[in-house]
Protein chains: 2
Amino acid sequence: MPVPTRERILDSSLAAFGLRGYDSTSLDDLASDLGITKQAILYHFSSKEHLLTATIELAVRELGSALAGAADPQARGFQRIEDLVRATFSLAARRPEVLGLVRLVTRQGGTASGELASAMSVMLGEAVRFVETEMVAGRFRRHDPRMLLLAVYSAVVGVATEPEVMRALGLEPDLRSLVKARRETIEFLRAALTAD
Amino acid sequence: MPVPTRERILDSSLAAFGLRGYDSTSLDDLASDLGITKQAILYHFSSKEHLLTATIELAVRELGSALAGAADPQARGFQRIEDLVRATFSLAARRPEVLGLVRLVTRQGGTASGELASAMSVMLGEAVRFVETEMVAGRFRRHDPRMLLLAVYSAVVGVATEPEVMRALGLEPDLRSLVKARRETIEFLRAALTAD
DNA sequence: ACATAGACTTACCATTTGGTAAGTTTTCTG
DNA sequence: CAGAAAACTTACCAAATGGTAAGTCTATGT
């Protein structure tokens with residue numbers, strides 16, 4: 001059975017908004033990519049802003065399921081961080097547009113970002129509690145958990161989504177380099193986090 | 001004496017492109033901010049793309065001087081990293097648009113990015129050599145220097161330029177939090193980098 | 001005094017953009 | 001099979017956008 005148009009539009013807009021940006025993507029661009037007319041998009045989503053909202057919702061779901069699938073609630077200590085970093089890199093390789101969109105929205109912070117912001121608040125809140133218990137248990141070094149997570153988040157998302165910086169460093173952003181970047185990032189975080 | 005119009009345009013476009021994005025900023029927006037007409041801009045810069053090129057050149061200069069002013073060639077070991085991180089945070093607080101533009105260009109990687117890419121290659125090349133010698137000297141833990149720098153760059157620029165993520169973590173992105181973020185980031189990097 | 005060049009503004013223009021209105025075709029349902 | 005709702009397309013439109021052409025004002029050098 002064919003993929004419903006509504007879903008095809010969302011897939012396409014997620015890719016376009018996430019990789020090229022919101023203002024840089026016109027409804028006509030999206031439509032011609034899909035082989036339909038702009039008005040077909042406006043039939044399913046009453047305005048471009050509504051389309052962005054729905055696209056963000058999709059990205060939140062994708063991000064949530066990618067991370068939820070990786071997080072083994074049993075895991076303790078650094079293993080759990082490693083699982084999450086691996087999942088993030090996997091997502092960055094498979095669907096770079098998802099992290100791209102997250103980043104776009106977290107930076108611009110427009111009206112439609114409320115949902116993503118709250119969804120991220122929940123995830124980050126859990127993460128903060130986890131990191132705190134690990135610190136109390138002596139498995140992680142003492143830092144401000146929120147600042148620590150900010151640094152970890154930035155390092156991982158940055159490494160996973162900045163191919164141009166990799167190029168500037170003389171690294172081709174192919175799969176092999178990405179695998180290597182993942183390994184090095186994990187070791188980097190391990191060194192920073194784990195108590196002696 | 002008054003600031004020449006050409007410089008005022010560049011200042012304004014650096015702020016606008018760096019904080020809001022290229023496509024999201026129209027020449028009319030820039031012009032009305034400056035109290036001139038769009039054609040005055042096109043008199044000094046023959047097209048919007050040329051304006052972007054000139055703006056990138058300005059950002060490269062600002063970034064270069066900010067970092068060059070901080071880098072004491074005598075400094076060894078972690079002190080030098082700390083100097084650079086402090087300079088980066090200072091720049092992020094004073095002129096967030098500079099890092100914003102760098103980030104914009106490194107992500108999109110359009111035609112105008114050649115100069116910034118090469119300028120960054122030079123800076124990063126020096127950094128790679130520095131990190132390598134520190135590793136050989138046993139002052140830094142052994143990592144792939146390029147991957148290490150990628151992680152450090154991502155962590156610092158991410159922390160310094162993602163106020164929305166700070167908000168999602170329940171931190172107001174004011175000056176005090178930024179100072180705290182700087183301190184924590186430095187400690188985080190110190191833990192990851194310095195050999196025992 | 002006067003031509004000249006620099007630094008603009010006013011007046012347009014073609015294209016693109018998000019969006020509306022009014023059909024037309026397809027699909028479901030009674 | 002009737003008809004109504006869903007899923008579109010064709011035809012527009014007003015505003016915004018990057019850019020051109022031509023005119024105006026002002027300083028400057030001769």
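Per chain, numbering begins at 1; letters A, B, ... match sequence-line order.
- Of the side-chain N and O atoms in Ser47(A), none sit less than 4.0 angstrom from OP1 or OP2 of dG18(C).
- Taking only side-chain nitrogens and oxygens, His44(A) comes nearer than 4.0 Å to OP1 or OP2 of dC8(D).
- Regarding Arg8(A), its CZ atom lies at a distance of 13 Å from the C1' atom of dC8(D), rounded to whole Å.
- The distance from atom CG of Leu51(A) to atom C1' of dT17(C) is 15 Å, rounded to the nearest whole Å.
- In this structure a side-chain-to-backbone donor-acceptor pair under 3.5 Å is present from Arg8(A) to Leu34(A).
- Each of Ser24(A) and Arg6(B) has a nearest nucleotide on DNA chain C; the 5'-most of these lies closest to Arg6(B).
- Side-chain atoms of Thr194(B) never come within 3.5 Å of backbone atoms of Ala191(B) as a donor-acceptor pair (strictly under, hydrogens ignored).
- Put simply, CZ on Phe45(B) is 14 Å from C1' on dC8(C), counting in whole angstrom units.
- Residues Ala155(A) and Ser154(B) come closest through the heavy atom pair O-CB, 3.7 Å.
- Residue Leu42(A) has its side chain nearest to dT20(C) when only dT20(C), dG18(C), dA11(C) are considered.
- Taking atom CD of Glu7(A) as the reference point, atom P of dA7(D) lies 13 Å away to the nearest angstrom.
- Per the geometry, CG belonging to Leu52(B) stands 12 Å off P belonging to dG19(D), to the nearest Å.
- To the nearest angstrom, C1' of dG18(C) lies 12 Å from CG of Asp23(A).
- One atom, NZ of Lys38(B), and another, C1' of dA16(D), lie 8 Å apart when rounded to the nearest Å.
- A salt bridge is defined here as a Lys NZ or Arg NE, NH1 or NH2 lying under 4.0 Å from an Asp or Glu carboxylate O, and Glu187(B) with Arg190(B) meets this definition.
- Ser12(B) and Asp33(B) make their closest contact through OG-CB, 4.4 Å (heavy atoms, listed as atom of the first residue, atom of the second, distance).
- If you check distances only, the side chain of Lys48(B) never reaches the base of dG19(D) with a donor-acceptor pair under 3.5 Å.
- Of the listed nucleotides (dG18(C), dT20(C), dT9(C)), dT20(C) has the atom at the smallest distance from the side chain of Gln39(A).
- The side chain of Tyr43(A) sits closest to dA6(D) out of dA21(C), dA6(D), dT10(C).
- Distances shorter than 4.0 Å separate some side-chain N or O of Thr5(A) from OP1 or OP2 on dC8(D).
- Taking atom CD1 of Ile9(B) as the reference point, atom P of dA7(C) lies 11 Å away to the nearest angstrom.
- An OP1 or OP2 oxygen of dT9(C) is reached within less than 4.0 angstrom by a side-chain nitrogen or oxygen of Thr37(B).
- Candidate nucleotides dG19(C), dT9(D), dT9(C) were compared by shortest atom distance to the side chain of Leu27(A), and dG19(C) ranks first.
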